[in-house]
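This report refers to the structure that appears directly beneath it.
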Amino acid sequence: MDNNFKQTLFPVKEVPAETSFNHINKNTGYKFIVREDTNEVLSCMTNEYKLIKNEEILEKAIPIIEDRGGILVEENLFGDGARASWQWKFPEVEVDVGDGDLMNPTINIGNSYDGSSEANAIAGAFRLICSNGLVIGITFGKGSTRHSIWTKKNNFEEIISGVINSVENIFKTDFRDLIDTELNKNDIVKLIKLFPESHTESLFQYIIAHEPKTYWDLLNAATWVATHQMKRNVEATHKFESKIYSTVSNLAKKQIAIA
């Protein structure tokens, strides 16, 4: 367990939000989620919110992931720890999508202390060809559980198993449409418009240097920019990545329907 991983497991506590009148404390129906190592307030939540600690999720997830051959490749904290994510790849499941371009399934586990997201697991894809170990934002399966209903007996283990199964199945069956469908050049413009203006030039230059002929090539162009040019420690990058695969996949489906 490296230091970066340990830093995502910082201690947190709940502190009642109270008012005082005539030396009598009254609960307001809210509570603060406080990071104990820094005493920083991460959020103010209603009393219905059930604190799900990062280590609680990982205690359920890691044994299943490791049993399926998963290897931790990335961990991130956002908002000074209010949100966290961890990512594993599964090197035993490998797909050659052409010319030695190898991909592995990944699973991303996420949690928040500010109510911005549920405890969740998202299945995606990882490119071995990217030697810097960065992930492509391709989402094939997702499961989550609300903080308001979390219990120690929660079935988060079943969620983990389900999303792993979904990404493995898609790796084995659903990549062919992207690989085999000839690209409609007009769709290049549609993809460029998806990108933030600050990165459209990078995408344009990549497309000039690596002329895409299929929708798989178009996906490669988009994900190269996302993984090599956009900042990995910025939350907006991760949100943007989640749009890439669905956008290119939908463009491919429309082209197949026309053909």
Side-chain angles (χ1 to χ4, degrees), residues 73-74 76 85 87 89-91 93-108 122-142 163 166-259:
V73 294
E74 184 176 287
N76 286 289
S85 69
Q87 195 165 81
K89 70 173 180 178
F90 296 85
V93 180
E94 184 176 272
V95 174
D96 188 335
V97 295
D99 299 324
D101 189 357
L102 305 177
M103 298 187 74
N104 301 95
T106 65
I107 185 171
N108 189 88
I122 302 174
F126 180 91
R127 290 170 56 84
L128 284 180
I129 199 169
C130 293
S131 60
N132 56 10
L134 299 181
V135 68
I136 290 177
I138 305 178
T139 301
F140 295 128
K142 182 176 181 179
V163 295
S166 70
V167 71
E168 289 180 345
N169 289 336
I170 287 176
F171 257 67
K172 297 171 183 176
T173 60
D174 291 357
F175 273 176
R176 297 315 314 178
D177 282 348
L178 295 181
I179 297 169
D180 296 338
T181 304
E182 184 177 352
L183 177 64
N184 181 335
K185 300 300 182 181
N186 292 329
D187 286 340
I188 295 176
V189 177
K190 295 177 183 178
L191 180 70
I192 291 175
K193 289 181 178 179
L194 177 70
F195 272 73
E197 186 175 347
S198 57
H199 290 89
T200 55
E201 179 64 23
S202 295
L203 177 59
F204 184 70
Q205 292 300 326
Y206 185 93
I207 288 173
I208 291 177
H210 308 82
E211 181 184 0
K213 294 180 173 59
T214 67
Y215 284 89
W216 183 258
D217 295 337
L218 190 64
L219 177 66
N220 282 342
T223 53
W224 185 89
V225 175
T227 58
H228 292 76
Q229 300 294 317
M230 302 178 76
K231 295 181 179 178
R232 297 301 303 171
N233 61 347
V234 175
E235 196 165 9
T237 297
H238 294 257
K239 291 181 179 180
F240 172 78
E241 281 183 325
S242 67
K243 302 177 183 178
I244 294 176
Y245 179 78
S246 60
T247 298
V248 176
S249 179
N250 287 335
L251 292 173
K253 289 176 182 177
K254 291 179 181 179
Q255 184 63 21
I256 292 172
I258 294 173

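Two residues are said to be in side-chain contact when any heavy atoms from C-beta on lie closer than 4.5 Å; Pro212 and Ile207 meet this criterion.
Taking all atoms of both residues into account, the shortest heavy-atom contact from Leu203 to Ala221 is CD1-O, 3.7 Å.
The CD1 atom of Ile179 sits 9.5 Å away from the CG atom of Asp217 when rounded to the nearest 0.5 Å. Atom CG of Leu183 is separated from atom CD of Glu211 by 9.0 Å, given to the nearest 0.5 angstrom. Asn186 CG to Lys190 NZ: the interatomic distance, rounded to the nearest 0.5 Å, is 7.0 Å. With values rounded to the nearest 0.5 angstrom, Thr106 atom OG1 is found 7.0 Å from Asn108 atom CG.
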Residues Leu191, Asp187; criterion side chain to side chain contact (heavy atoms under 4.5 Å, CB included); working and verdict = CA-CA 6 Å; Leu191 180 70; Asp187 286 340; over 6 Å; no
Would Ile107 and Phe90 satisfy side chain to side chain contact (heavy atoms under 4.5 Å, CB included), going step by step from the backbone distance to the final call?
-> CA-CA 8 Å; Ile107 185 171; Phe90 296 85; 3.6 Å; yes
Would you please test Phe204 and Thr200 for side chain to side chain contact (heavy atoms under 4.5 Å, CB included) and show each step?
-> CA-CA 6 Å; Phe204 184 70; Thr200 55; over 6 Å; no
Please test Glu74 against Lys89 for salt bridge (Lys or Arg N to Asp or Glu O under 4.0 Å), starting from the C-alpha separation and ending with a verdict.
-> CA-CA 9 Å; Glu74 184 176 287; Lys89 70 173 180 178; over 6 Å; no
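Using a distance-only test at 3.5 Å, with no hydrogens or angles considered, no donor-acceptor pair links the side chain of Thr181 to the main chain of Leu178. Between the His199 side chain and the Phe195 main chain, no donor and acceptor come within less than 3.5 Å of each other. No donor-acceptor pair closer than 3.5 Å links the side chain of Asp180 to the backbone N or O of Asp177.
A search for salt bridge (Lys or Arg N to Asp or Glu O under 4.0 Å) contacts involving Glu182 returns nothing, not counting sequence neighbours.
Counting non-hydrogen atoms of other residues, nucleotides and ligands closer than 6.0 Å to NZ of Lys185 gives a total above 12. Enclosure of atom OH in Tyr206 by more than 12 non-hydrogen atoms of other residues, nucleotides or ligands within 6.0 angstrom is indicated.
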Show me the donor-acceptor pairs within less than 3.5 Å that the side chains of residues 247-256 make with the rest of the protein, sequence neighbours left out.
residue : atom : partner : partner atom : Å
Thr247  : OG1  : Lys243  : O            : 2.8
Asn250  : ND2  : Ser246  : O            : 3.1
Gln255  : OE1  : Asn184  : ND2          : 3.4

